[in-house]
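It should be emphasised that the depicted structure is a prediction, and the values quoted were computed from it without experimental measurement. Proteins come first, then strands; the chains are lettered A, B, ... in the order of their sequence lines, and each starts at number 1.
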Number of protein chains: 2
Amino acid sequence: MSKTETRKDEIIKVSAKLFKEKGYSAITMRDIAKAMNIKAASLYNHIKSKQDLLKIIIISIAEEFTIRMQEISSSESTSIEKLQKIISLHIDIAYHYPYRMGVLNNDWMHLEEELEYYLELRNSYEDNFRSIVESGIESGEMIDTNTEIIVFSILSTLRSLYLWIPKKEALKPEELTKNLTQVLISGIQND
Amino acid sequence: MSKTETRKDEIIKVSAKLFKEKGYSAITMRDIAKAMNIKAASLYNHIKSKQDLLKIIIISIAEEFTIRMQEISSSESTSIEKLQKIISLHIDIAYHYPYRMGVLNNDWMHLEEELEYYLELRNSYEDNFRSIVESGIESGEMIDTNTEIIVFSILSTLRSLYLWIPKKEALKPEELTKNLTQVLISGIQND
DNA sequence: AATCGAAACTAACAAATGTTAGTTTTTAAA
DNA sequence: TTTAAAAACTAACATTTGTTAGTTTCGATT
């Protein structure tokens, strides 16, 4: 069980929401402060800097993606099953952290110290994804189309989920997983 | 035949590239000036304001999308054929204006005067898309999955093309169209 | 050689921004 | 009730930012 939410956690949550809406660079410390009903200077009792806020928001979630992808990648499943698990992973994270996902997608280039590390995480993730698709094609589970196109197309959809999920609350995660699996996977699956 | 490129056109092109890389808010007029080897104040001999630059970059391309979508929508084709044309449309624009596409995708919310107009264009585009999918389901051309999910999934991929096309110059537009059509459409098509 | 518009320059501005230093208030435990 | 940490405040700072005003330079046409 995690501790009750600290003031710092609140600031991070509010910041992620604002960053997601207008982008990191467009949001000022005074914007964040106003959203919390305090003055900008007060933020610095809790956080180190604006840049640090960005780092916290992005790196935590990027690490979660990479770790869980590695688990999927090294699990005993068919390639198709692994793709299904990847879809579930993205849906799960997009449900829990829609704002952070937006910041990850659009503001990663404003990381400074941690930019290189972030890119390593992303590359690791994408390499795993590519390998799974390649295995699926080799084993005959999937049709033999250009690997890059399959990866790109599925990943584009999954990365955009954060934009879409908050608008469609009627749709339960399980329902969404089922439908998305059908749309994304049937097109590349052999019978 | 269009006139030779004016200085203003050059500025727009350079700005679009910079905006795409770091976002509208993160780019200063001095950044743009430096990329053109002039001083920031000199930019104002050619353009009205930074905001105007954003408007020019986004609105022109948003209008092109909407117009060409309307042509496709009102053409005499099956729904599947219309989807193929939409894919070609996105590939075509992403090839010609990869930077503008990036700005359109990520910085539309920084439009001020023209924000409402932009949203109208986008809604018109999406409504047409949705109608085409609905017709396809009704006519039995496409499988009867959740319309929203089909629209979301295809559109997410098409909207991300700008990120991907510049990296894969080996792939010819025709080749890309063929592959993408297969991956995106086969999964939702009835036999 | 003179002229004129296009396109560059220098200098400066007011406002906005991230951050700091130092101080006061709030909260809750002792 | 005292105390001490947590969390807020005011005031100010050095920079950065978009933009304007006025001037000079460049290139082509007369």
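Just one residue in the list A:I58, A:N106, A:I27, A:V14 forms a side-chain contact (heavy atoms from CB on, under 4.5 Å) with A:F19, and that residue is A:I27. Looking at A:Q70, A:M101, A:R122 one by one, the single match for side-chain contact (heavy atoms from CB on, under 4.5 Å) with A:F65 turns out to be A:M101.
Between the CG atom of A:L43 and the P atom of D:dA7 there is a distance of 12 Å, rounded to whole Å. Atom CD in B:E112 sits about 13 Å away from atom P in D:dG18, given to the nearest Å. In this structure, A:Y44 atom OH and D:dA12 atom P are separated by 19 Å, rounded to whole Å. Summarising the geometry, the separation between NZ on B:K8 and C1' on C:dA8 is reported as 18 Å, rounded to the nearest angstrom. Atoms CZ (A:R30) and C1' (D:dA11) sit 12 Å apart, rounded to a whole Å. Straight-line distance from the CE atom of B:M29 to the P atom of C:dC9: 14 Å, rounded to whole Å. One can place CD1 of A:I38 at 14 Å from P of C:dG18, the figure rounded to the nearest angstrom. In this structure, CD1 of A:I47 is placed 12 Å from P of D:dA8, rounded to the nearest angstrom.
Salt bridge annotation for A:K17-A:E10: absent, with no cationic side-chain nitrogen under 4.0 angstrom from a carboxylate oxygen.
A donor-acceptor contact shorter than 3.5 Å links the side chain of B:N123 to the backbone of B:L119.
Toward the 5' end of DNA chain C, the nearer of the two residues A:Q51 and B:N37, judged by each one's closest nucleotide, is B:N37.
Across all strands shown, B:L53 has no heavy atoms under 4.0 Å from either base or sugar-phosphate atoms. Within the nucleic acid shown, A:S42 comes within 4.0 Å of at least one base atom, counting heavy atoms only. Counting any heavy atom pair closer than 4.0 Å across all strands shown, B:I32 reaches no nucleic acid atom.
No donor-acceptor contact under 3.5 Å links the side chain of A:N45 to the base of D:dA6.
In terms of phosphate contacts, A:H46 brings a side-chain nitrogen or oxygen within less than 4.0 Å of OP1 or OP2 of D:dA7. The phosphate of D:dG18 (OP1 or OP2) has a side-chain N or O of B:K50 nearer than 4.0 angstrom.
Here C:dT20 is the nucleotide among C:dT10, D:dT19, C:dT20 with the atom lying nearest to any side-chain atom of A:A41. Among D:dT17, C:dA7, D:dA8, the nucleotide with an atom closest to any side-chain atom of B:R7 is C:dA7.
Contact detail for A:K20 and A:V103: the closest heavy-atom pair is N-CG2, 3.8 Å.
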